Amino acid sequence: MLCPTRELALQISQEMKKICAHKKDIGIQPIYGGESIEKQMMGLRRKPQIVVGTPGRIMDHMRRKTLKLASLKMLVLDEADEMLNMGFREDIDTILASIPENKQFLLFSATLPKAIMEIANKYQSNAIKINTTKKQVTVKTISQFYLDVNENRKSEVLARLIDANNFKLMLVFCNTKKRVDDLCRDLMARGYRAEALHGDMKQIHRDSVMNKFRRGIVDILIATDVAARGIDVDDVDAVFNYDLPIDDEYYVHRIGRTGRANRKGASYSFVCGKEIYKLRQIEKYTNSKITKISPPTMDDIKSNKVNSILEEIKEEIKENKIATNLPFIHQLTNELNKENENLDVTSTEVAAAFLNVAMKKIVTGSNPHVKILELENENKKVYTKGYQRLFINLGNKDKLESSQLVKFVASNTSVSGKEIGKIDMLDKFSFLEVPSKYVDELIAVLPKKKFKGRKVNIEVANKKKRK
């Protein structure tokens, strides 16, 4: 069996060993780069019935004559489209050209591009094509959400989602290796236990990262799609699409890392501007609804942290672990009352003060040098002097996002996107605030334009329109 990555080869080998656990004399040997070739040679000398490997290392053994395929009876290409994307076409042709013609050839691929069909037509005869039915391709136990996020606010929103929930293990997907590294540095600077995983890392480093993630030493694993192939961890609580996937099928692979074994899971996708159309395409492909949510506020985070601490306190009390620290509470209470005769402090008030101090440290983050962006202030700008509120007959029912409205206004008038203030999106219409000096221009120009074929009406908002 050929597969694109080492992780997938290992995963398939492990699953096959489970299937063959009660079968005698069936040997399974994984072959991949990054491991001692001598060790693999020893495994091949035992003449395994099943070999699972990556193209490069399979060819290496073929050249060394430690793997002979003259008597091969079945060949399986798993995730063939991914192998082509990774540049394995020549390797695949070399391997296929050296195996017997009289064999069974199974080819699995999420998509069927021209290159895949060329391989099928060249090396298969009388092939039967099987299409899997596409009904609900995502798991019902996974709650799917998306957030409309500006590019330069993504890491802050991600941090808030993490802090506002009690996730233990999380996977974050980025589309490039650079994005993975940049985000990993950002999260580590904020005090999170995060690690990166991508193809530029040495195999020993990748193995170490995966081992830490499985053991819970690392809470957040940030990866590219290719590097994440073969990750098999059952208790992932949440998956974050920091970048929307390039291919719809990748979305299914990504969020399928959570919600396993009938556990509940959650996926969060960050959408920026025109990417909303890509998200709608994913919804159509997966035949599922992805719900829009707003980023958590600092109050949400504080509430979650308080509840988490209170639950821990309950457990401490239930397990009778408070006796050691009770003297400190009593001592501090007495000291406060002696230092100031006007105070009448109780031990309950001292405990509440401890909670306040703990909350300040937790909510502001473990690294005080990282600036917490004021998302609430950005989303709740109130303009009085120099700004005017306008009514426009476009809203959510027009499949309009606030970013699209900003672009529509800015591209047709002299007002810039940065100058547009607060936007309130409703079903059939919206309100937006713009500098007063542009009001006449917007009212004169925009009614001459159309949005998705609909005539635009814009005017100064009045009390009647506000209802």
Side-chain angles (χ1 to χ4, degrees), residues 2-15 29-43 52-61 78-79 82-83 85-88 91 154-155 158-159 162 167-243 245-246 250 253-254 256-258 366-367:
L2 289 177
C3 44
T5 67
R6 173 190 190 276
E7 287 78 14
L8 189 57
L10 275 172
Q11 182 185 342
I12 292 171
S13 299
Q14 290 164 2
E15 291 302 316
Q29 178 64 46
I31 289 177
Y32 46 80
E35 186 188 58
S36 167
I37 197 164
E38 287 77 15
K39 181 181 178 182
Q40 293 173 1
M41 287 178 179
M42 290 177 60
V52 185
T54 53
R57 184 52 66 95
I58 290 285
M59 285 183 59
D60 196 357
H61 281 285
D78 192 23
E79 299 198 17
E82 191 60 37
M83 281 194 275
N85 291 337
M86 295 171 67
F88 288 136
D91 293 352
K154 281 187 175 182
S155 62
L158 175 61
I162 294 169
F167 301 136
K168 293 180 180 178
L169 287 181
M170 294 154 276
L171 265 170
V172 183
F173 285 96
C174 301
N175 288 343
T176 66
K177 299 167 189 175
K178 185 178 184 303
R179 294 274 278 184
V180 167
D181 286 334
D182 290 345
L183 179 59
C184 187
R185 281 192 292 268
D186 187 303
L187 291 184
M188 289 176 72
R190 292 171 182 266
Y192 298 104
R193 298 190 300 178
E195 287 276 6
L197 188 72
H198 57 67
D200 281 354
M201 296 164 55
K202 291 183 178 179
Q203 194 61 58
I204 191 169
H205 187 188
R206 291 166 69 179
D207 291 343
S208 174
V209 169
M210 279 307 306
N211 188 39
K212 289 178 184 177
F213 186 61
R214 288 192 180 97
R215 292 165 57 195
I217 298 172
V218 169
D219 305 317
I220 307 166
L221 183 63
I222 309 163
T224 57
D225 289 289
V226 173
R229 298 271 169 166
I231 291 178
D232 189 21
V233 181
D234 284 338
D235 46 357
V236 173
D237 296 310
V239 170
F240 299 90
N241 292 306
Y242 195 79
D243 299 320
I246 298 169
Y250 286 0
H253 285 309
R254 287 180 178 187
R257 311 289 176 179
T258 186
S366 57
N367 190 335

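Everything numeric here is computed off the predicted structure, so don't read it as measured data. All values below were derived from every heavy atom in this structure, side-chain atoms included, with hydrogens, water molecules and symmetry-related copies excluded.
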Exercise. If we only count heavy atoms from C-beta on, is the His61 to Met41 side-chain gap below 4.5 Å?
Worked result: yes
Exercise. To the nearest 0.5 Å, what is the distance between CG (Leu8) and SG (Cys3)?
Worked result: 4.5 Å
For this session: Check side chain to side chain contact (heavy atoms under 4.5 Å, CB included) between Met42 and all other residues, then give those that pass, not counting sequence neighbours.
Result: Arg45
Problem set entry | Side chain to side chain, Gln29 and Ile31, heavy atoms closer than 4.5 Å | yes
Exercise. Given Leu221, which of Val180, Leu169, Val209, Val172 fulfils the side chain to side chain contact (heavy atoms under 4.5 Å, CB included) condition?
Worked result: Val209
Exercise. Can you name the residues that form a side chain to side chain contact (heavy atoms under 4.5 Å, CB included) with Ile246, not counting sequence neighbours?
Worked result: Asn175
Problem set entry | Atom pair CG/OG1 of Asp200 and Thr224 - distance to nearest 0.5 Å | 9.0 Å
Exercise. How many angstroms lie between atom CZ of Arg193 and atom CE of Met188, to the nearest 0.5 angstrom?
Worked result: 12.0 Å
Exercise. Sub-3.5 Å donor-acceptor pair from the side chain of Thr258 to the main-chain atoms of Val239, do we have one?
Worked result: no
For this session: State which residues pass side chain to side chain contact (heavy atoms under 4.5 Å, CB included) with Thr176; sequence neighbours excluded, sorted by chain then number.
Result: Lys178, Arg179
Problem set entry | Flag side-chain contact, heavy atom, 4.5 Å: Lys154 against Leu183 | no
Seminar exercise, completed: Sorted by chain and residue number, the ring pair (Phe, Tyr, Trp, His ring centres under 6.0 Å) partners of Phe88 (sequence neighbours excluded) come out as none
For this session: Walk me through it: do Lys202 and Asp207 pass the test salt bridge (Lys or Arg N to Asp or Glu O under 4.0 Å)?
Result: CA-CA 9 Å; Lys202 291 183 178 179; Asp207 291 343; over 6 Å; no
Exercise. To the nearest 0.5 Å, how far apart are CD1 in Ile222 and CE in Met170?
Worked result: 10.0 Å
For this session: Kindly write out the residues that satisfy side chain to side chain contact (heavy atoms under 4.5 Å, CB included) with Asp237, not counting sequence neighbours, or none if the list is empty.
Result: Phe167, Lys168
Problem set entry | Any residue meeting salt bridge (Lys or Arg N to Asp or Glu O under 4.0 Å) with Asp235, in chain and number order, not counting sequence neighbours | none
For this session: Indicate yes or no for a side-chain donor-acceptor contact from Gln40 to the backbone of Tyr32 under 3.5 Å, with no hydrogens or angles considered.
Result: yes
For this session: Check for a donor-acceptor pair, side chain of Tyr192 on one end and backbone N or O of Asp219 on the other, with a separation under 3.5 Å.
Result: no
Problem set entry | Side chain Ser208, main chain Ile204, donor-acceptor under 3.5 Å | no
